[in-house]
Amino acid sequence: MISRIDLRGDALPEGPALRDLLPRADFDVQAALEKVRPICEDVHHRGDAALIDFAESFDGVRLESVRVPAQALTDALAGLDADVRAALEESIRRARLVHRAQRRTAHTTQVVPGGSVTEKWVPVERVGLYAPGGRSVYPSSVIMNAVPAQEAGVESIALASPPQAEFGGLPHPTILAACALLGVDEVYAAGGATAVAMFAYGTESCPPANMVTGPGNIWVAAAKRYFTGRIGIDTEAGPTEIAVLADDTADPAHVAADLISQAEHDPLAAAVLVTDSPDLADAVEKELEPQVAATKHVDDRIRPALAGRQSAIVLVDGVEEGLKVVDAYGAEHLEIQTADATAVADRVRNAGAIFIGPWAPVSLGDYAAGSNHVLPTGGCACHSSGLSVQSFLRGIHIVDYTKDALAEVAHHVVTLAEAEDLPAHGAAVKARFGWKVPESK
């Protein structure tokens, strides 16, 4: 059901050579880019009419309006199962606790007497959030996108999710109910690249946004790449992935369950176990069969995900080598199930989120840990972070100098301007002092 990669015996290669040995899904955003280009440009030129036509083509429903009526949000919340509502409310509460603590405040550095630089943090004005609605419905993604944007102080927040023929062209009612709980009342029935294009260009019903965030399929990722530079994005999210670094102290039933939990997202989802214990590897393989057989989405998602080239059990000589492997892999979700797991986790450099020990499964982070589950995939954790309040803030430097403070450093400014052959830069300083550079004190 799952392949093995044996990296024992020889010294592990460094950098790209090691990454090339590790499993990874094929996810060619560049190829998809050419297919979404005409879709995005059609939305640009025809606005809502294009969105309505694409909804009919892609989602099998003819919309009367792209904007979701306010009454539909109210009705969705009223019809929400009580237990689901309680779970969503608790997820929101915990996410707010974590993300509220991330908010930065302005800080002033007194560089010299009379000269200061203040860094203030300003939220983007308007963001478009995306909640997928293909194989599964993700109200949790509504929370993970909306809460940090709200805690950052974003004033205008809109959300798009694909229209569902089953629900009369509206997004899934649980998505709408989550929006109602969060106070997000601007919602659109638009999916995939069309939703990103709607936010990037704006249409008759939807003003353009400064930024688009949220997970999605390859078409969403390609549209984000297409609009990079015009709008801000969080990341080009690929298929979900879990890596588990485990030794012989790990419970194979737990490890198998956690691998399956991510494999059920998508046939391209990655499930990787890195271990120095052949006995654990054997036990996990033995656990996979009955656990897979007992769950849902077996043939269309889980089995192809576990059997795909993106999933494997990787055998290493020890935890030290395992750390090198998981750092090279840069997993979206990394579980540490080893002896002294906290100390091992502290040494990890590259991961979207780290889950320590047997009682912190990735599923906890997906819903109710308080952490954010919109995370970098495809190895991007080596340079990118998950979604947070900081994602929606811009740092702006405010420079405040008196005449004396400028005079003190003027000769350095002029010297550097002349060294770069930019004399007008120096002249802008000289003009303030009668074209004579003040002598340094």
Side-chain angles (χ1 to χ4, degrees), residues 32 35-36 38-40 42-43 46-81 84-85 88 128-143 145-146 158-182 184-201 203-206 212 214-224 237 239-240 264-269 296-301 304:
K35 294 184 178 180
V36 303
I39 294 173
C40 293
D42 196 16
V43 173
R46 295 200 299 125
D48 285 351
L51 295 172
I52 290 170
D53 287 346
F54 283 126
E56 186 170 21
S57 298
F58 297 149
D59 305 298
V61 60
R62 185 73 185 178
L63 303 177
E64 292 185 8
S65 172
V66 179
R67 177 77 182 259
V68 174
Q71 188 61 46
L73 301 177
T74 302
D75 292 345
L77 184 57
L80 187 64
D81 177 85
V84 175
R85 176 168 182 159
L88 288 174
L129 312 180
Y130 186 71
R135 288 185 174 88
S136 299
V137 55
Y138 295 103
S140 58
S141 288
V142 179
I143 296 169
N145 280 271
L159 182 136
S161 192
Q164 309 284 320
E166 181 183 356
F167 301 107
L170 295 173
H172 194 284
T174 313
I175 295 287
L176 300 182
C179 289
L181 285 173
L182 288 156
V184 176
D185 57 9
E186 185 184 346
V187 182
Y188 297 89
T194 66
V196 181
M198 176 186 71
F199 286 135
Y201 286 131
T203 68
E204 300 91 327
S205 62
C206 178
V212 173
N217 58 21
I218 193 168
W219 311 115
V220 173
K224 285 181 177 180
T240 189
E264 77 171 337
H265 275 285
D266 189 282
L268 290 178
K296 194 178 178 183
H297 310 304
V298 174
D299 293 327
D300 61 331
R301 303 183 203 174

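Just so it is clear, the values below take in all heavy atoms, side chains as well, and ignore hydrogens, waters and symmetry mates. Quick note: residue numbers are just sequence positions, from 1.
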Chemist: Working to the nearest 0.5 angstrom, can you tell me the gap between Cys206 SG and Asp48 CG?
Modeler: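 Reported value, rounded in 0.5 Å steps: 8.5 Å.
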
Chemist: Among all residues two or more places apart in sequence or in another chain, which pass the salt bridge (Lys or Arg N to Asp or Glu O under 4.0 Å) test with Glu264?
Modeler: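 For Glu264, no residue satisfies salt bridge (Lys or Arg N to Asp or Glu O under 4.0 Å) once neighbours in sequence are set aside.
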
Chemist: Give, for atom CD1 of Ile52 and atom OG of Ser57, the distance between the pair rounded to the nearest 0.5 Å.
Modeler: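 Those atoms lie 12.0 Å apart.
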
Chemist: How long is the span from the NE2 atom in His297 to the CG atom in Asp266, to the nearest 0.5 Å?
Modeler: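 These two atoms lie 12.0 Å from each other.
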
Chemist: Might you point out which heavy atoms bring Asn145 and Ser141 nearest each other, and give the distance in Å?
Modeler: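 Distance-wise, the nearest heavy atoms are ND2-O, 2.8 Å.
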
Chemist: Would you please name every residue forming a side chain to side chain contact (heavy atoms under 4.5 Å, CB included) with Asn217, sequence neighbours left out?
Modeler: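 Partners of Asn217 by the side chain to side chain contact (heavy atoms under 4.5 Å, CB included) criterion, ordered by chain and then number, come out as Trp219, Val220.
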
Chemist: List for me each residue that meets ring pair (Phe, Tyr, Trp, His ring centres under 6.0 Å) alongside Tyr188, sequence neighbours excluded, and say none if there are none.
Modeler: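 With neighbours one apart ignored, the set is empty.
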
Chemist: Ignoring hydrogens, what is the shortest heavy-atom contact between Ala197 and Cys40? Give both atom names and the distance.
Modeler: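 What the structure gives for the nearest pair is CB-CA, 3.9 Å.
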
Chemist: To the closest 0.5 Å, what do you measure between CG (Leu51) and CG (Asp42)?
Modeler: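 One gets 9.0 Å once the value is rounded to the nearest 0.5 Å.
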
Chemist: So do Leu63 and Pro163 actually touch side chain to side chain, heavy atoms under 4.5 Å?
Modeler: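 In short, these two side chains touch, coming nearer than 4.5 Å.
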
Chemist: Got a sec, which residues hit side chain to side chain contact (heavy atoms under 4.5 Å, CB included) with Ala131, two or more places apart in sequence or on another chain?
Modeler: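 For Ala131 the side chain to side chain contact (heavy atoms under 4.5 Å, CB included) partners, ignoring immediate neighbours, are Val142, Leu159, Ser161, Ile175.
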
Chemist: Just to verify, what does Asp53 make a salt bridge (Lys or Arg N to Asp or Glu O under 4.0 Å) with, not counting sequence neighbours?
Modeler: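 Partners of Asp53 under the salt bridge (Lys or Arg N to Asp or Glu O under 4.0 Å) test: Arg46, Arg62.
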
Chemist: Do Leu77 and Arg85 come close enough that some side-chain heavy atom pair is under 4.5 Å?
Modeler: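 Yes, side chains in contact.
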
Chemist: Which heavy atom in Pro171 sits nearest to a heavy atom in Gln164, and how many Å separate them?
Modeler: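 Here Pro171 and Gln164 meet closest at C-CG, 4.0 Å.
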
Chemist: Quick one: does Phe167's side chain get under 4.5 Å of Leu176's, heavy atoms only?
Modeler: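 No; the side chains remain at least 4.5 Å from each other.
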
Chemist: The criterion is side chain to side chain contact (heavy atoms under 4.5 Å, CB included); which residues satisfy it with Pro69, sequence neighbours excluded?
Modeler: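 Counting only residues at least two positions away or on another chain, Pro69 forms a side chain to side chain contact (heavy atoms under 4.5 Å, CB included) with Ala72, Leu170.
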
Chemist: List the atom of Gly214, the atom of Lys224, and the distance in Å for their closest heavy-atom pair.
Modeler: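 Of all heavy-atom pairs spanning Gly214 and Lys224, the closest is O-NZ, 2.6 Å.
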
Chemist: For the residue pair Ala165 and Asp59, what are the closest heavy atoms and their distance?
Modeler: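 Heavy-atom minimum between the residues: CB-O, 4.1 Å.
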
Chemist: What closest approach, in Å, do Met198 and Ala160 show between heavy atoms, and which atom pair accounts for it?
Modeler: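 The answer is CE-CB, 4.0 Å.
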
Chemist: side-chain hydrogen bond (donor to acceptor under 3.5 Å, both in side chains) with Glu64: which residues, sequence neighbours excluded?
Modeler: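 By the side-chain hydrogen bond (donor to acceptor under 3.5 Å, both in side chains) rule, Glu64 matches no residue at all.
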
Chemist: Val84: what forms a side chain to side chain contact (heavy atoms under 4.5 Å, CB included) with it, not counting sequence neighbours?
Modeler: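 Side chain to side chain contact (heavy atoms under 4.5 Å, CB included) list for Val84, sorted by chain: Leu80, Asp81, Leu88, Thr174.
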
Chemist: Please check if atom CD in Glu166 has more than 12 non-hydrogen atoms from other residues, nucleotides or ligands closer than 6.0 Å.
Modeler: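 No.
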
Chemist: Among all residues two or more places apart in sequence or in another chain, which pass the side-chain hydrogen bond (donor to acceptor under 3.5 Å, both in side chains) test with Thr240?
Modeler: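 In terms of side-chain hydrogen bond (donor to acceptor under 3.5 Å, both in side chains), with neighbours along the sequence ignored, Thr240 is linked to Gln262, Glu332.
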
